[in-house]
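Side chains are part of it too, since the values below use all heavy atoms of this structure and drop only hydrogens, waters and symmetry mates.
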Amino acid sequence: MTLYQRYLNGETEKVYEEIQKLEQDAFIPQNNIEIEKVLTETFNRAAYNLDIIFNELTKVNYHFKTDFEFNFERPLVKPLTNTEDLLVKLDNAIKPFGYVPTSLKMFYKIVGSCNFGWDYETNEDLIWQCADPIQIVSLDDLVSEITDKYNLEDLKEYYKEDGFVSLNLSADYLHKDNISGGAPYSLQISSRPSIDGQFLNEENNTTFINYLRICFENCGFSRITNKEYNNNYQSFFDNVKPQLKKI
């Protein structure tokens, strides 16, 4: 079977392990066509899962932010009409430092963005503590940040010091709970074209796609099962988890 057929057959993690091992061979045309089909299926499933989780959270009166100034504050934003133009701007801004992983581009083309953070400004009593709700910044806000001349200067300094730069995609779990926390979760820019990239500053030390997989395994909250906080999540899991698709 092809990679795509195997993915549909349930070998979701195994397929991505093999894609990662291909490295630059993933961009050979015959391989890339197949991989793009896998990515398209993955992010269609991700969009489906986010819709399910959002609807179920609404039913339990989860306090999403409702007073928006920027797209990144909205719980769900479908792909923007100018996504392709914004991705070109992102590529051009990042070009001196490397390449935006294909996975993030596909996320923005198919999913859009999400922010399932609790609105602690209207209700300080979080339903679950330090649960780390999924949050991926909207493309327009990301491009606005990256193309700001002061941020570009910062990127040059980071590149000089660390040899790589990353794109800030999400607050860390402490900031999401209005607690002073650490560095934002960010996607590492690769020195060569890549299908996926490392998702930095997040405790699982994994790739972007696998981070999304972890989030969906936990119904949108990657740390909700942490025993330190005694979160009462089981009834929510029992209702939501059977509805979600494996990525």
Side-chain angles (χ1 to χ4, degrees), residues 42-43 46-47 49-51 53-54 57 64-94 97-121 131-152 154-155 158 164-178 181-190 196-204 206-216 220-223:
T42 296
F43 289 111
N49 288 348
L50 288 171
D51 284 341
I53 296 167
F54 173 74
L57 287 172
F64 292 108
K65 189 174 179 65
T66 56
D67 182 20
F68 312 118
E69 184 177 358
F70 303 101
N71 272 335
F72 74 81
E73 298 172 305
R74 298 177 184 273
L76 281 177
V77 178
K78 295 304 179 182
L80 303 171
T81 56
N82 60 339
T83 292
E84 293 293 346
D85 291 339
L86 288 169
L87 287 174
V88 169
K89 290 181 180 180
L90 182 61
D91 275 337
N92 289 338
I94 291 301
F97 315 109
Y99 298 85
V100 179
T102 304
S103 57
L104 184 64
K105 294 182 179 182
M106 294 292 282
F107 182 92
Y108 283 130
K109 289 178 182 181
I110 296 174
V111 180
S113 64
C114 59
N115 181 2
F116 286 1
W118 180 271
D119 184 13
Y120 49 77
E121 292 181 358
D132 204 6
I134 188 170
Q135 178 187 81
I136 304 296
V137 68
S138 60
L139 178 57
D140 54 339
D141 291 316
L142 176 62
V143 169
S144 179
E145 177 187 353
I146 288 297
T147 55
D148 178 90
K149 66 177 182 179
Y150 298 108
N151 283 326
L152 282 173
D154 287 342
L155 287 177
Y158 294 143
F164 68 89
V165 299
S166 58
L167 300 174
N168 295 337
L169 299 184
S170 168
D172 78 326
Y173 74 95
L174 292 171
H175 276 108
K176 290 172 185 174
D177 278 22
N178 197 28
Y185 302 157
S186 60
L187 182 63
Q188 184 172 330
I189 295 302
S190 53
D196 201 11
Q198 284 298 116
F199 199 59
L200 306 176
N201 306 321
E202 194 273 336
E203 64 185 4
N204 289 289
T206 191
T207 64
F208 177 58
I209 288 174
N210 201 47
Y211 171 72
L212 297 177
R213 184 178 290 121
I214 291 167
C215 287
F216 294 137
F221 299 81
S222 67
R223 301 182 82 256

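With a 4.5 Å cut-off on side-chain heavy atoms, Ser166 and Leu200 count as touching. Contact annotation: the side chain of Leu212 approaches that of Phe43 to within less than 4.5 Å [non-hydrogen atoms, C-beta and beyond]. The shortest side-chain heavy-atom distance between Pro184 and Ser186 does not fall under the 4.5 Å cut-off. Side-chain contact check for Thr207 versus Gln198: some heavy-atom pair is nearer than 4.5 Å. Between Arg213 and Thr206 there is no side-chain heavy-atom pair separated by less than 4.5 Å. Counting heavy atoms from C-beta on, the side chains of Ser222 and Tyr211 come closer than 4.5 Å. No side-chain heavy atom of Tyr120 sits under 4.5 Å from any side-chain heavy atom of Asp177.
Residues Cys114 and Leu76 share a closest heavy-atom pair of CB-CD2, 3.9 Å. The two residues Thr147 and Ala93 have their closest heavy-atom pair at CG2-CB, 4.1 Å. Here the closest heavy-atom approach between residue Leu174 and residue Gly181 is recorded as CB-CA, 3.7 Å. Across all their heavy atoms, Gln135 and Ser170 have their closest contact at O-CB, 2.9 Å. Asp67 and Glu73 get closest at one heavy-atom pair: O-OE1, 4.4 Å. Of all heavy-atom pairs spanning Asn201 and Ala183, the tightest one is ND2-CB, 3.7 Å.
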Checklist entry - Does the pair Leu50 and Phe216 meet the rule for a side chain to side chain contact (heavy atoms under 4.5 Å, CB included), with working shown? => result CA-CA 8 Å; Leu50 288 171; Phe216 294 137; 3.9 Å; yes
Next on the checklist: Could you walk me through whether Thr83 and Leu86 satisfy the side chain to side chain contact (heavy atoms under 4.5 Å, CB included) test, starting with their C-alpha distance in whole Å, then the side-chain angles of each, then the deciding distance to 0.1 Å, before giving a yes or no?
Outcome noted: CA-CA 5 Å; Thr83 292; Leu86 288 169; 5.6 Å; no
Item to check | Working for side chain to side chain contact (heavy atoms under 4.5 Å, CB included), residues Phe199 and Leu169 | outcome: CA-CA 9 Å; Phe199 199 59; Leu169 299 184; 4.0 Å; yes
Next on the checklist: Using side chain to side chain contact (heavy atoms under 4.5 Å, CB included), reason through Phe221 and Leu57 one step at a time and then give a plain yes or no.
Outcome noted: CA-CA 11 Å; Phe221 299 81; Leu57 287 172; 3.9 Å; yes
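Between atom CG of residue Leu142 and atom CG of residue Leu139 there is a gap of 6.5 Å, rounded to the nearest 0.5 Å. Taking CZ of Phe116 as the reference point, atom NZ of Lys176 lies at 11.5 Å (rounded to 0.5 Å). Taken to the nearest 0.5 Å, the CG atom of Leu152 stands 9.0 Å off from the CG atom of Asp154. Remark: Ile110 CD1 to Thr42 OG1 distance equals 8.5 Å, nearest 0.5 Å. From Leu80, atom CG reaches atom OG of Ser138 across 6.5 Å, with rounding to the nearest 0.5 Å. Remark: Leu104 CG to Asp196 CG distance equals 9.5 Å, nearest 0.5 Å.
Using modelled atom types and a 3.5 Å distance limit, the side chains of Asn71 and Asp140 yield a donor-acceptor pair. Side-chain polar atoms of Ser144 and Asp141 form no donor-acceptor pair below 3.5 angstrom. A donor and an acceptor atom, one from each side chain of Tyr185 and Asp132, are located under 3.5 Å apart.
Residues Phe64 and Phe54 place their aromatic rings such that the two centres sit under 6.0 Å apart.
Within a 6.0 Å sphere centred on OH of Tyr99, heavy atoms belonging to other residues, nucleotides or ligands number 12 at most. Heavy atoms of other residues, nucleotides or ligands lying less than 6.0 angstrom from OH of Tyr158 number 12 at most. Around NZ of Lys65, the count of heavy atoms belonging to other residues, nucleotides or ligands within 6.0 Å exceeds 12.
In this structure, the side chain of Asn115 engages the main chain of Phe72 through a donor-acceptor pair within 3.5 Å. The closest donor-acceptor contact from the side chain of Asn151 to the backbone of Glu145 lies under 3.5 Å.
Only one option out of Asn82, Asn92, Leu90, Asp148 pairs with Val143 in a side-chain contact (heavy atoms from CB on, under 4.5 Å); it is Leu90.
We find that Lys78 and Asp51 are joined by a salt bridge, their nearest charged nitrogen and carboxylate oxygen being less than 4.0 Å apart.
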